[in-house]
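What you see is a predicted model; the values in this text were computed from it and never measured. In each ligand, atom 1 is the first atom listed, and ligand 1 is the first ligand listed. Here, residue 1 is the first one in the sequence, and each next residue gets the next number.
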Amino acid sequence: MPKDEIYRAESADSAPFAFNDAVADVFPDMLQRSIPGYAETIEAIGQLASRHVKPGTQCYDLGCSLAAATLSMRRRIVAPGCRIVAVDSSAAMIERCRQLVARDACNNGVEIDIQHADIRDVEISRASMVVLNYTLQFLPVDDRLVLLQKIAAGMVDGGILVLSEKVADKDPHIESLLIELHHEFKRRNAYSELEISRKRTALENVLIPEPVDVHLDRLQQAGFRHAGPWLCFYNFVSILAVR
Ligand code: GEK
């Protein structure tokens, strides 16, 4: 797995973070070393797919990157006649996503439709499972409710949404403690102080975290009947919502 050294060089780019070729090349290493609980979340997405995906329905992986959640769902879906729609707006991600899906050995009859598109423009229909694994945080705050309303409207009764986000705590003291714990996690994963601070600057105004309560209220407003966190690891939270 190529190692993420993007913010290591003295000459490192000071431009805002973007999902370009350089990022896509090292992406699995970047997520594994930066997002606490990432591997467990991908595993849980597969487990949820085996329990909740209904026959003849669709699954959506919105902001699919390199199809980690898509492939985890495909491996575990047992319901017949299902299809997964995987969407990402980054050309660099989609190009590599197509190669990885083509190379995946699983052949259980679940078709995967990979779309290079903005998730705000994609139609959602007959969905029994939708995954927004660390994607909503990159959308302008004003676009988030409309997207969740569209997802809820396109779901079958009992459909589930996995919404994983980096969050901000309302209490400034807890917020700085969680940020410090996350930085310590990155140091343990061999990121230097300089790399951590450069990445933080690059993500400013690109990744916009909100408090968990704001996400839960918005999910209810969007039409989800139940919503609650199933994973919380420092300032990284994954929420399960049921339509
Ligand atoms: C995983 N879910 O490995 N439309 C489509 N894609 C978008 C948009 C948009 N408006 N905005 C951002 N993206 C993956 C990880 S990464 C998380 C998701 C991270 C895409 C963007 O191109 C990138 O591939 C992905 O959302 C976010 O489970 O890098 O922290």
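Within the 4.5 Å cutoff, the side chain of Val206 has heavy atoms near those of the Phe138 side chain.
Counting only non-hydrogen atoms, the option in Tyr38, Phe19, Phe27, Phe17 that gets closest to atom 1 (C) of ligand 1 is Tyr38.
Residues Ser164 and Asn133 bring a donor and an acceptor atom of their side chains to less than 3.5 Å of each other.
For the pair Arg33 and Tyr191, the distance from NZ or CZ to the six-membered ring centre is under 6.0 Å and the angle to the ring normal is within 45 degrees. In this structure, Lys199 is not positioned above the aromatic face of Tyr7 in the sense of NZ or CZ being under 6.0 Å from the six-membered ring centre and within 45° of the axis.
By the criterion of a heavy-atom distance under 4.0 Å, neither the backbone nor the side chain of Thr41 is placed next to ligand 1. Contacts between Leu31 and ligand 1 below 4.0 angstrom, taking non-hydrogen atoms only, involve the side chain exclusively. Contacts between Val131 and ligand 1, counted as non-hydrogen atom pairs separated by less than 4.0 Å, are absent for every part of the residue. Under 4.0 angstrom from ligand 1, the non-hydrogen atoms of Tyr134 come from both its backbone and its side chain.
Closest to atom 16 (S) of ligand 1, if we only count protein heavy atoms, is Ser65 OG, 3.3 Å. Remark: minimum distance from atom 14 (C) of ligand 1 to any protein heavy atom is reached at Gly63 O, 3.4 Å. Nearest to atom 28 (O) of ligand 1 among the protein's heavy atoms is Asn133 ND2, 2.9 Å. Distance from atom 22 (O) of ligand 1 to its nearest protein heavy atom, with residue and atom name: Asp88 OD1, 2.6 Å. Looking from atom 10 (N) of ligand 1 to the surrounding protein, the closest heavy atom is Asp118 OD1, 3.2 Å.
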Test ring pair (Phe, Tyr, Trp, His ring centres under 6.0 Å) on His182 and Phe236; report intermediate values, then the result. CA-CA 9 Å; His182 179 225; Phe236 291 78; 4.6 Å; yes

Test side-chain hydrogen bond (donor to acceptor under 3.5 Å, both in side chains) applied to Ser128 and Gln58, step by step: CA-CA 6 Å; Ser128 62; Gln58 310 207 88; over 6 Å; no

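Ring geometry for Phe17 against Phe19 counts as perpendicular: the plane angle is over 60°, on a 0 to 90° scale with 30° as the lower cut.
The environment of CD in Gln220 is sparse: at most 12 heavy-atom neighbours from other residues, nucleotides or ligands sit within 6.0 Å. Within 6.0 Å of CZ in Arg188 there are more than 12 heavy atoms belonging to other residues, nucleotides or ligands. Within 6.0 Å of atom CZ in Arg83, more than 12 heavy atoms from other residues, nucleotides or ligands are found, so the atom counts as buried in its surroundings.
By the 4.0 Å heavy-atom criterion, Gln137 is counted among the residues contacting ligand 1.
Salt bridge annotation for Arg225-Asp157: present, with a cationic side-chain nitrogen under 4.0 angstrom from a carboxylate oxygen. Residues Glu43 and Arg76 are paired through a salt bridge, judged by an N-O separation under 4.0 Å between the basic side chain and the carboxylate.
The ligand atoms of ligand 1 that sit less than 4.0 angstrom from a heavy atom of Phe138 are 12 (C), 17 (C), 19 (C), 27 (C), 30 (O). In the vicinity of Met93, heavy-atom distances shorter than 4.0 Å reach the ligand 1 atoms 24 (O). If you number the atoms of ligand 1 from 1 as listed, the ones under 4.0 Å from a heavy atom of Ser89 come out as 4 (N), 5 (C), 6 (N), 7 (C), 8 (C), 9 (C), 13 (N). Near Ala117, with a cut-off below 4.0 Å to any heavy atom, the atoms of ligand 1 are 4 (N), 5 (C). Close contacts of ligand 1 with Leu139, meaning ligand atoms under 4.0 Å from a residue heavy atom, involve 10 (N). Atom numbering of ligand 1 starts at 1 in the shown order; those under 4.0 Å from a heavy atom of Ile42 are 28 (O).
When only interatomic distances are considered, the shortest N/O to N/O separation between Asp61 and ligand 1 does not fall below 3.5 Å. Considering backbone and side-chain atoms together, Ile119 places an N or O closer than 3.5 Å to an N or O of ligand 1.
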